[in-house]
Trainee: 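Next up is a structure, given as structure tokens.
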Amino acid sequence: MHTVTLGPSGTYSHRAAGAVATDDEIEFRESIRDIVDAVADGDAARGVVPIENSIEGSVTETLDALAERDVAVVREVITPIKHGLLAQSEEFDTVASHPQALAQCREYLDEHYPDASIEAVASTARGVELAGEDPSVAGIGHPDNATGDLKVIAADIQDRRSNATRFFVLAPPAARSDAGGKSSFVVYPGANYPGLLLELLEPFADRGVNLTRVESRPSGEHLGDYLFHLDVDGGLFEERTQAALAEVEEIAENGWVRKLGSYDVEHVV
Ligand SMILES: O=C(O)C(=O)Cc1ccccc1
């Protein structure tokens, strides 16, 4: 079975997927939700989705899909992101890209193309595809996508020199593993009282398990009701991580805890 990721060919997700699959094993989907669904429904062996960017923060579509569907996280892949502005010539009036890429280049676009219309599309590669079809459109994406009539009008246009994105490699629940140096959980406490979040985090602090990310997301139930995404520097094979999690499960007895799994981190260029 194949690996699904955000298409068309040439997205950053596609590049990250190269860490776990060869090109002939990769199939494309047009949204993150479709990727998570394909893995959860058993239609794909692996899925590769962006989770967090160093400039723009969390990819909320991914967080919400991980809270809703039962999938395992089996690996983390980190890639540097270097955006190029790709167009047939400098005579364009619209810039099309993925919302994350547009946000990562906001200051550059404001300074150099203040009059351009900004168009959010499903992926960076889709924006570049549009630029290839229409001379009035420029895309923001990886410079390797400048094929055919497209030129790299400007390179390295992201607003910070250091720009990296974390991707999760997803697998069906049966592939969930306790091995690996990091673990991710989603906690819905099903309660709301002073100090609740502190209580949820203390079991990790008490055992010296470092938290690498805490993110709250609306539960969708009612305003002010949240679930929490936790990443920790500890594997579920470790007694300290298991013990901390058992305490968290007790605190969340009126809600639920989803163990996404333990995994190792890989850097790809
Ligand atoms: O659109 C893409 O290329 C993606 O894979 C999503 C994305 C967009 C911007 C930075 C990192 C990932």
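The structure presented is a predicted model; accordingly, all values stated were derived computationally and were not measured. Order of appearance sets the numbers: ligands from 1, and atoms from 1 within every ligand. Excluded from the calculations below are hydrogen atoms, water molecules and symmetry mates; all remaining heavy atoms, backbone and side chain alike, are included.
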Trainee: Show me the pairs that pass ring-ring contact (aromatic ring centres under 6.0 Å, His included) and involve residues 206-244, at least two apart or across chains.
Mentor: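 Qualifying pairs: none.
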Trainee: I'd like to know if the side chain of D159 reaches the main chain of R106, judged simply by a donor and an acceptor atom lying under 3.5 Å from each other, with no hydrogens or angles considered.
Mentor: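 Looks like yes, one N/O pair under 3.5 Å.
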Trainee: Compare every heavy atom of E25 with every heavy atom of H2, then report the nearest pair and how far apart it is.
Mentor: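 Closest pair (atom of H2, atom of E25, distance): CB-O, 2.9 Å.
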Trainee: Can you list the ligand 1 atoms lying under 4.0 Å from a non-hydrogen atom of T11?
Mentor: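 Result: 2 (C), 3 (O), 5 (O).
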Trainee: Out of all atoms in ligand 1, which are within 4.0 Å of some heavy atom of T165? Include the element for each.
Mentor: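 By the 4.0 Å cutoff, the relevant atoms are 11 (C).
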Trainee: What are the atoms of ligand 1, with element, lying closer than 4.0 Å to any heavy atom of S123?
Mentor: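 The list of qualifying atoms is 1 (O).
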Trainee: Classify the side-chain pair N192/D225 by whether it contains a donor and acceptor separated by less than 3.5 Å.
Mentor: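 Their side chains do not contain a donor-acceptor pair, so the 3.5 Å distance test is not met.
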Trainee: If you take the nearest heavy atom of each of A125, G10, S13, which one is closest to atom 4 (C) of ligand 1?
Mentor: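 Heavy atom nearest to atom 4 (C) of ligand 1 belongs to S13.
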Trainee: Considering only heavy atoms, which of E52, H98, Q104 lies nearest to atom 10 (C) of ligand 1?
Mentor: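 Nearest option to atom 10 (C) of ligand 1, by heavy atoms: Q104.
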Trainee: Could you name each residue pair satisfying ring-ring contact (aromatic ring centres under 6.0 Å, His included) that touches residues 144-173, not counting sequence neighbours?
Mentor: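 Non-adjacent pairs meeting ring-ring contact (aromatic ring centres under 6.0 Å, His included): F168-Y263.
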Trainee: Could an N or O of ligand 1 be found under 3.5 Å from any N or O of Y12, whether backbone or side chain?
Mentor: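 For ligand 1, there is an N or O atom that lies under 3.5 Å from one belonging to Y12.
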Trainee: Indicate whether any N or O donor in one side chain lies under 3.5 Å from an N or O acceptor in the other, for D178 and S262.
Mentor: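 No, no side-chain donor-acceptor pair sits under 3.5 Å.
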Trainee: Which residue supplies the protein heavy atom nearest to atom 3 (O) of ligand 1, what is that atom called, and how far is it?
Mentor: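 Answer for atom 3 (O) of ligand 1: T124 OG1, 2.5 Å.
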